[in-house]
There are 2 protein chains.
Amino acid sequence: MSEIDHHSAVPVFRQLAEILRGMITSGEVPAGKALPSIPYLSQEYGIADGTVKKAIQVLKDEGLVIGVPGKGTFVIGQS
Amino acid sequence: MSEIDHHSAVPVFRQLAEILRGMITSGEVPAGKALPSIPYLSQEYGIADGTVKKAIQVLKDEGLVIGVPGKGTFVIGQS
DNA sequence: AGTAATTTGTTCGTATGTATC
DNA sequence: AGATACATACGAACAAATTAC
């Protein structure tokens, strides 16, 4: 699985955004399902909570996912 | 009783964790009994709900207390 | 039997301050 | 000076378990 390179010129939040995008486009996380939670991603990739949120914000700005407080971050189906 | 200093260098959640630890070690809340509820602590000390949960998480990680949904946060007896 | 209230636990959203590059 | 990253704090919503009525 993809890992984060903290010394890369590409910002960490952008690296994670690409990883999450890959989960969606590959069908690993299909439409209607939720991405892994923010605390999980934070711990799993060894990055700060706020940085994960920033990565997810990228996908939200693109209309790829939508966050639902108390539930999760869900993939939008582009039907 | 102890108060929270919002301008201290020590994080609020750590200050509360120490106050709760004091309740336990002093015997004010003996083994088998529950700490004050999260909403109560939140209102009593003037801090956010999530910050109280974070403080309690510190004690849970140390095995000092255990949370029981619907009941409370109970002090573990160190027998 | 069933509804409501309380409590813990988990989630996302937003904001602030600090440090680093 | 600006972007990035981390830590902290607050806020709000939702679920599950328990208790009370």
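For the numbers below, each heavy atom of this structure counts, side chains included, while hydrogens, waters and symmetry mates do not. Per chain, numbering begins at 1; letters A, B, ... match sequence-line order.
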Q: Write down the distance between NZ (B:Lys53) and P (D:dG11), rounded to a whole number of angstrom.
A: 13 Å
(Q) Of the listed nucleotides (C:dT7, D:dA5, D:dA9), which one gets closest to any side-chain atom of B:Ser37? (A) C:dT7
Q. Reckon A:Ile47 touches a base, only the sugar-phosphate, or nothing at all at heavy-atom distances under 4.0 Å?
A. sugar-phosphate
**Q.** Minimum-distance nucleotide (side-chain atoms of B:Pro39 versus C:dT7, D:dA5, D:dA9)
**A.** C:dT7
Q.
Looking at D:dA13, I'd like to know if its phosphate oxygens (OP1 or OP2) sit under 4.0 Å from a side-chain N or O belonging to A:Lys71.
A. no
Q) Under the 3.5 angstrom rule, does the side chain of B:Ser26 hit a backbone N or O of B:Gly22 as a donor-acceptor pair? A) yes
Q. At under 4.0 Å, does any side-chain N or O of A:Thr51 touch on OP1 or OP2 of D:dC6?
A. yes
Q. For the pair made of OH in B:Tyr45 and C1' in D:dA9, what is the distance, rounded to whole Å?
A. 18 Å
Q. With respect to the side chain of A:Pro69, which nucleotide from C:dT8, D:dA13, D:dC10 is positioned closest?
A. D:dA13
Q) Can any side-chain N or O of A:Thr51 pair as donor or acceptor with the backbone N or O of A:Ile47 at less than 3.5 Å? A) no
Q: In whole angstrom, give the distance that lies between atom CG of B:Asp49 and atom P of C:dT14.
A: 19 Å
Q: Nearest-nucleotide wise, let me know which of B:Val68 and A:Gly46 is further upstream toward the 5' end of DNA chain D.
A: A:Gly46
Q.
Quick check on A:Gln43: does its CD atom have over 12 non-hydrogen neighbours (other residues, nucleotides or ligands) under 6.0 Å away?
A. no
Q.
Keeping A:Gln15 on the side-chain end and A:Val10 on the backbone end, is there a donor-acceptor pair under 3.5 Å?
A. yes
Q: Looking at every strand, decide which applies to B:Gly50 at a 4.0 Å heavy-atom threshold: base, sugar-phosphate, or nothing.
A: nothing
**Q.** Atom pair distance, as rounded to whole Å: NZ in B:Lys54 and P in C:dG9
**A.** 16 Å
Q. Between D:dT4 atom C1' and A:His6 atom NE2, what is the distance in whole Å?
A. 12 Å
(Q) Can you tell me which residue among B:Ile76, B:Val75, B:Leu59, B:Thr73 is in a side chain to side chain contact (heavy atoms under 4.5 Å, CB included) with B:Ile66? (A) B:Ile76
Q.
Could you tell me how far apart B:Leu41 (CG) and C:dT7 (P) are, to the nearest whole angstrom?
A. 11 Å
Q. How far apart are the closest heavy atoms of A:Met23 and A:Tyr45, and which atoms are they?
A. CE-OH, 3.7 Å
Q: Can you tell me the distance, in whole Å, between the CZ atom of B:Arg14 and the P atom of D:dA7?
A: 11 Å
Q | B:Ala48 side-chain proximity, nearest of C:dC12, D:dG11, C:dT14 | A | D:dG11
Q.
Minimum heavy-atom separation for A:Ser42 and A:Asp49, please, with both atom names.
A. OG-N, 3.5 Å
(Q) Is there a side-chain contact between B:Lys60 and the phosphate of C:dG9, meaning an N or O under 4.0 Å from OP1 or OP2? (A) yes
Q) How close or far is atom C1' of D:dA9 from atom CD1 of B:Ile4, stated in whole angstroms? A) 12 Å
Q: Rounded to 10°, tell me the angle between the two end axes of the helix from C:dG2-D:dC21 to C:dC21-D:dG2, each built from five pairs.
A: 0°
Q) Of the candidate nucleotides C:dT14, D:dA9, C:dC12, which contains the atom at the shortest distance from the side chain of B:Phe13? A) D:dA9
Q. Just by modelled atom types, is the A:Arg21 backbone N or O under 3.5 Å from a matching donor or acceptor in the A:Thr25 side chain?
A. yes
